[in-house]
Amino acid sequence: MAQHSIVELICRKRDGAELSPDELAWVIKSFTSGEIEKYQMSSLLMAIVFRGMTDGELGAWTEAMLHSGEVVDLSDVALPKIDKHSTGGVGDKVSIPLAPIVAACGVAVPMMSGRGLGHTGGTLDKLESIPGFFTNIPPEDFAKRLLEHQLVLAGQTETLVPADKAIYALRDASGTVPSIPLIASSIMSKKLAEDLDGLVLDVKVGSGAFMKTVDEATRLAETMAAIGRSHGTATVAHLTAMDQPLGTRIGNTLEIEESIEILRGGGPSDMIEITRTLAVEMLLLAGVARDADAAISRVRHVVNTGQALDKFRDVVAAQGGDPAIVDGTRHLAAAPHKHTLHARSDGYVSRCDALSIGMAVVRLGGGRVKANDVIDPTVGVVLAAKVGDAVTGGDELATIHYSTAEALASALPLLERAWSISPDPIEVPPLLISRIGR
Ligand code: URA
C-alpha cells in the first residue's frame, strides 16, 4: 500500500474528486493505527457528508473497515449462515423470536446485535433482562457455539471492526452521523465481518426510526444491498413502518415476554407479520425452502410444534440464562408500580407516536441518556390502543410500568401527547412498505 498525504486526500474529497481504493484503505489503516489525527479524520468525514461516495469508494471503504480487525471464521459451519439487522425502532423485538425460528428451520444464525441507541431499544439489553444471560461471546467460541446450537445471540466484540468503533465515536462528536454512505458502511462492515452467506435488513421508516422518509430509507436500503452484493453476500432489505411502536410491549423485560408469546404462536399481528416476512427471506436466502409458500409452512411448523421455543430455551440455557423464564414457570422481575393512561374523547386512534413513546421509556429508565447509564429492565409501556382502533372516552390507551414517581412524572408529558384521536375511522397504513435486493 502506497503512502499518501491525508491533507491532500481531504482537499481532493472536499473538492469533489473520487478517492481510489488504495487511498481509502490507507486512510482506514492509518486512522486505526493512530497515524491520522482525529481532527483530520473528522474533516474527511465532513467532506464525505457533503460530497457522498461513489459505489467504488463505498465498496473500498467498507472492505477496509471490515478488515480493520479480526473477522469471524465460520468455515467449519456447513449450514448456510444468515443474519438479520434492523436499523432500529421502538418495540422492535423481532430478532428475539426470529433468530430461534430460523435456526429451528435448519439455518445457522450468528446474530450479533447492539444496545439501545437514543430512543430505540437494543436486542442485547432486552436479552440481558433474562437473569444470567450473557452476550459477550469471544470470537474463538463463536463457531463452536454455532455448530452446537445453530444460533448465537451475541454482542459486538472489541476486536471486530475496530475502525467503526473509533469512527462512530468521532461521528457522534462531530456532526457527521447523518450520511447514508457512512451509516451504510458502518452497519455493513460489522455484518460482513460475521462471515455470512446472506443478510436480511429491516430498514425502519417513520417517526420512531432514524430514517424519517421513505426516500431516505430507500436510499439507505439500496446502498446497503449494493455493498452486500459487491462483497458477494446476498442481501435483501425490507422497508417497514415505524410511525407507531411494533407490538404492544415496549421496555426490556416486557419485550422478552412478547417475544416468548410469538414463539408460542401468539402475540400481536404486526409482530407476527414482520417476523414471518423476515423469516421467509432468511429461509429463501439460505436455500432451505424452494419458495415463499414452502418457507411459510416451515415457519408455521417450527412454531406450532414448539421447536422454535425449544431452540430459544436451548440458547438461553447455553448463554447462562434461566430457561424457566422461557417455560413460564418463573417470571421476569416486574416494575413495582403501574399507571393507566386513558382516552380523553371518543373516536379512532389516528396517531400512537413511536418517537414520544420511545423517549418516554428512556425517561422511565428503560434506555440510556449517557453511554454508561444503568438501565432498569422492568419499566416500560404496554399499549392498549394503536392506530385504527376505536376508543371511547375513558378507555385505556396504555399502562405505564414504572419504578419511581420522578421517572413517571418525567415520562408522562411525552405519553400524554403520544396519542391523537380522530372522529373519523382511520385506515391503518401498511406495515411492509417495499422490498429491495436480489
Ligand atoms: N448504526 C450503526 O451501526 N452505524 C451507524 O452509522 C448508524 C447506526
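In each ligand, atom 1 is the first atom listed, and ligand 1 is the first ligand listed.
A side-chain donor-acceptor contact under 3.5 Å links Ser403 and Asp376. Between the side chains of Ser75 and Asp73, at least one donor N or O lies within less than 3.5 Å of an accepting N or O.
Interface of Arg171 with ligand 1, defined as ligand atoms under 4.0 Å from a residue heavy atom, comprises 5 (C), 6 (O). Per-residue contacts place Lys190 under 4.0 angstrom from the following atoms of ligand 1 (heavy atoms of the residue considered): 2 (C), 3 (O).
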- Can you check salt bridge (Lys or Arg N to Asp or Glu O under 4.0 Å) on Arg115 and Glu128, steps first, answer last? CA-CA 10 Å; Arg115 299 204 174 273; Glu128 285 174 0; 3.0 Å; yes

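A distance of 6.0 Å or more separates the ring centres of Phe312 and His149.
When side chains are defined from C-beta on, Met224 counts as touching Leu220, because their heavy atoms get closer than 4.5 Å.
With a 4.0 Å cut-off on non-hydrogen atoms, Tyr168 touches ligand 1 through its side chain and not its backbone.
Considering backbone and side-chain N/O of Ser186, one or more are found under 3.5 Å from N/O of ligand 1. Where the criterion is an N or O separation shorter than 3.5 Å, residue side chain and backbone included, Asp164 fails it with respect to ligand 1.
In this structure, the protein non-hydrogen atom closest to atom 1 (N) of ligand 1 is Ile187 CG1, 3.9 Å.
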